[in-house]
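What follows is a set of notes on a single structure, which appears directly below.
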Amino acid sequence: MLWPCASLPNADLKGRTTLRVGGPVEWLLEPANPDELRKAIVAAREAGFVPRLLGGGANVVIDDVGLPGVVIATDRLNRVFRPPSGPSLDGAPTGADAGAAALLDELLPSSQMAPPDPSWDPRLIAWAGAPLPKLCRAARDLGYSGLEKMAGVPGHLGGGIAMNAGGKSPDGTLWQMSDVVDMIRVVGADGQFQDILRADWAPEYRDGRLGDGIVVGAVLSFEPRPKAQVIEDSKEYLRRKNAVQPVTEWSAGCVFKNPDPELSGGKTAGLLVDEAGGKGRRHGGAEISERHGNFLVNRGEATAADVFGLIEEIQALVAEKAGVVLEPEVKIWRS
Ligand SMILES: Cc1cc2nc3c(=O)[nH]c(=O)nc-3n(C[C@H](O)[C@H](O)[C@H](O)COP(=O)(O)OP(=O)(O)OC[C@H]3O[C@@H](n4cnc5c(N)ncnc54)[C@H](O)[C@@H]3O)c2cc1C
C-alpha cells in the first residue's frame with residue numbers, strides 16, 4: 001500500500017499508550033505536517049477505512065487482538081509557535097530546520113512580568129501532536145496564564161481537544177481545554193480543512209463534540225499574568241495531582257466519567273468506586289489503584305482482556321451498591 005506519509009505495517013500500539021496494553025494495527029500512518037495529515041485521512045478513507053487518531057495514547061484502551069485498518073499517530077505533528085513571526089497552521093515553520101522549541105526560546109520575553117506593550121499577543125499556535133506538557137511549559141515560560149491546572153495531564157493537543165480534557169480545582173472550579181481554545185482547525189468529512197471558531201464550538205464534559213472532524217491544530221489564547229505566579233500555580237497543581245493520583249504507574253487516567261451529580265448525590269466516580277469497595281480489586285495484571293478509585297493501573301503484565309473484565313466488574317459493583325451506572329471515560333478500541 002502506498003501512503004502519502006511515513007507508514008508502518010503491523011505496527012505495535014501497546015508502547016504508544018500510557019496503559020501499555022493492546023495489539024498491533026494493520027497500518028500506522030505518521031504524518032509530519034498538517035497537509036500530510038489531511039492527505040493521510042483522505043487516503044485512508046479512499047482505501048475504505050475509517051482512520052482512528054492516536055495522540056499521546058493517554059485515554060485509550062486497545063484490544064489485545066489488535067486492529068484492522070488505519071491508525072494515524074500525531075507524534076510527528078509536534079510544533080508550537082507564537083503568532084506574529086511564527087508560521088500559520090498551513091505549513092512548515094519558517095526555515096525548514098527551525099524547531100518550535102528554538103523558535104520559542106528566541107522569542108521568550110526576558111522580563112519576569114508580562115510586557116506592558118498593548119500589541120502584545122498572548123496566544124500560541126500548536127499542531128495536533130504538540131504534547132500538553134510542552135504547551136503548559138511554553139505558556140508558563142512566557143507568563144501566559146490558562147494552562148496551569150493542566151500541569152501533569154499527559155497527551156497531545158488534538159487528544160486534549162477531542163476529549164475536552166479538564167478537571168475540578170480544590171476550590172470546586174471546573175476547568176477544561178476549551179477555556180483556552182480560540183480556534184480549531186480540523187479536517188472535515190469532505191477531506192478539507194475547516195476552521196471552528198470558539199463562538200461556534202460547543203464541547204461538553206470530556207467530549208469535544210467534533211463529529212467527523214480530526215484536529216490538525218489550534219490557536220490558544222491566554223491571560224497575561226506575572227510569570228512567577230504562573231510558575232507557582234503550575235507547581236502547586238502538579239503537586240496536588242501527584243499527591244492523589246498514581247501518576248508514576250501505567251494507567252489511562254480516569255477510567256469512568258463522573259456521573260450526573262443529581263443521580264450520584266454529588267459523588268465523583270472515584271468516591272463511588274471507593275465506597276463500593278472497589279479499590280485494590282484485580283483482574284490479572286489490572287488493578288484499581290489504592291490511591292485513587294477512578295484509576296485502573298497496569299501492574300506490569302495486564303492484558304486488555306484484564307482491563308475490560310475489571311471495568312465490567314467495577315460497573316456491576318457500583319450499580320449494585322450505589323445504583324449508579326458508570327460510563328467509561330476511556331476510549332475503547334476494538335476491531
Ligand atoms: C496519569 C494521567 C493523568 C491524567 N489526568 C487527566 C486529567 O486531569 N484530566 C483529563 O481530562 N484527562 C486526564 N488524563 C487523560 C488524558 O491525559 C486526556 O484525556 C488527554 O487529553 C488524552 O490525550 P491523548 O492525546 O493522549 O489522546 P488519545 O488517548 O491518543 O486519544 C483519546 C481520544 O481522542 C481522539 N483523538 C486523538 N487525537 C485526535 C485528533 N488529532 N483529532 C481528533 N481526535 C483525536 C482519539 O481518537 C481518542 O478517541 C490523564 C491520563 C493519565 C495517564
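Note that ligands are numbered from 1 as they come in the structure, with each ligand's atoms numbered from 1 the same way.
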Those atoms of ligand 1 less than 4.0 Å from some heavy atom in [X]:
| X | result |
| --- | --- |
| T18 | 53 (C) |
| L54 | 30 (O) |
| N59 | 15 (C), 19 (O), 29 (O) |
| G56 | 24 (P), 25 (O), 26 (O), 30 (O) |
| A165 | 10 (C), 11 (O), 21 (O) |
| G160 | 21 (O), 23 (O) |

To which protein heavy atom is [atom] closest, and what is the distance rounded to 0.1 Å?
| atom | value |
| --- | --- |
| atom 13 (C) of ligand 1 | V153 CG1, 3.9 Å |
| atom 33 (C) of ligand 1 | M163 SD, 3.7 Å |
| atom 27 (O) of ligand 1 | G159 CA, 3.6 Å |
| atom 28 (P) of ligand 1 | G57 N, 3.7 Å |
| atom 46 (C) of ligand 1 | L53 O, 3.0 Å |
| atom 34 (O) of ligand 1 | A162 CB, 3.6 Å |
| atom 31 (O) of ligand 1 | V60 CG1, 3.8 Å |
| atom 51 (C) of ligand 1 | G253 CA, 3.3 Å |

Contact check, side chains of [X] and [Y], non-hydrogen atoms, under 4.5 Å:
| X | Y | result |
| --- | --- | --- |
| S145 | F222 | no |
| V297 | R299 | yes |
| F256 | L272 | no |
| T74 | I72 | no |
| D233 | R225 | yes |
| E313 | H283 | yes |

State plainly whether one hydrophobic cluster holds both I196 and M177, where clusters connect Ile, Leu, Val, Met, Phe, Trp and Tyr through side-chain heavy atoms under 4.5 angstrom apart.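 Shared cluster, yes.
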Same apolar cluster (I L V M F W Y, side chains within < 4.5 Å links), W127/I214: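 They do share one cluster, since a chain of ILVMFWY contacts under 4.5 Å joins W127 to I214.
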Count the heavy atoms of every other residue, nucleotide or ligand shown that sit under 6.0 Å from [atom1] of [X], and state whether that count exceeds 12.
| X | atom1 | result |
| --- | --- | --- |
| E301 | CD | no |
| K14 | NZ | no |
| E204 | CD | yes |
| D212 | CG | no |

For the pair R282 and D306, evaluate salt bridge (Lys or Arg N to Asp or Glu O under 4.0 Å) and give the outcome as yes or no after the intermediate values. CA-CA 8 Å; R282 266 187 102 136; D306 294 337; over 6 Å; no
Counting both backbone and side chain atoms, is some N or O of [X] under 3.5 Å from an N or O of ligand 1?
| X | value |
| --- | --- |
| K331 | no |
| V215 | yes |
| G155 | no |
| A128 | no |

So, 4.0 Å and heavy atoms of [X]: is ligand 1 close enough to count as a contact?
| X | result |
| --- | --- |
| Y237 | no |
| K241 | yes |
| S251 | yes |
| R206 | yes |

Taking atom 11 (O) of ligand 1 as the point of reference, which of G166, C254, P154 owns the nearest heavy atom?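 Comparing heavy atoms across G166, C254, P154, the nearest one to atom 11 (O) of ligand 1 lies in G166.
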Would you mind finding which of G55, P131, A130, A58 brings a heavy atom closest to atom 15 (C) of ligand 1?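 Answer by nearest heavy atom: A58.
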Looking at F308, does the NZ or CZ of R334 lie under 6.0 angstrom from its six-membered ring centre and within 45 degrees of the ring axis?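 Pair R334/F308 counts as cation-pi.
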Ligand 1 versus H156: contacting region, heavy-atom distance under 4.0 Å: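 For H156, the contact with ligand 1 is made by both the backbone and the side chain.
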Quick one: does ligand 1 sit under 4.0 Å from the side chain of W333, the backbone, both or neither, non-hydrogen atoms only?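 The answer is the side chain of W333.
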Please determine whether salt bridge (Lys or Arg N to Asp or Glu O under 4.0 Å) holds for the pair R239 and E236, giving the CA-CA distance in whole Å, both sets of side-chain angles, and the decisive distance to 0.1 Å. CA-CA 5 Å; R239 193 192 59 72; E236 182 55 19; 2.7 Å; yes
